Amino acid sequence: MKQPEKQSSVQRQIDENLRRVYGEVANSELPDRFAQLLEQLKASQSNDGNSQ
């Protein structure tokens, strides 16, 4: 009967760690290179939209 309690504890630790790591990533600043690539993509999409 200890197995479900242990699994629950392990699952809780996994959940806490995933939330912590995801929170750190979500709050980090976007690297300059990614921002540049996003701007290029937006420009490309707006140019494609204007030619239709």
Side-chain angles (χ1 to χ4, degrees):
M1 292 286 156
K2 292 284 184 184
Q3 191 67 10
E5 287 180 27
K6 184 176 181 180
Q7 186 176 12
S8 177
S9 174
V10 170
Q11 184 64 41
R12 195 168 34 250
Q13 287 177 331
I14 291 170
D15 291 347
E16 289 171 6
N17 286 329
L18 286 173
R19 284 189 186 99
R20 180 179 48 80
V21 170
Y22 177 75
E24 291 172 5
V25 170
N27 292 325
S28 65
E29 190 173 326
L30 186 66
D32 290 340
R33 181 64 180 141
F34 287 169
Q36 292 170 352
L37 290 171
L38 287 172
E39 287 301 319
Q40 289 175 359
L41 180 60
K42 287 179 188 176
S44 171
Q45 288 178 341
S46 69
N47 288 340
D48 289 347
N50 290 336
S51 65
Q52 290 181 352

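From a predicted model like this one, the values you see are computed outputs, not experimental measurements.
- In this structure Glu24 satisfies the salt bridge (charged side-chain N to carboxylate O under 4.0 Å, His left out) test together with Arg20, sequence neighbours excluded.
- Contacts of Asp15 classified as side-chain hydrogen bond (donor to acceptor under 3.5 Å, both in side chains), with partners at least two apart in sequence or in another chain: Gln11.
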All N/O donor-acceptor pairs, side-chain side in residues 27-36, below 3.5 Å, sequence neighbours left out:
from, atom 1, to, atom 2, distance (Å)
Asn27, ND2, Gly23, O, 3.0
Ser28, OG, Val25, O, 2.8

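- By the side-chain contact (heavy atoms from CB on, under 4.5 Å) test, Leu41 pairs with Gln45, sequence neighbours left out.
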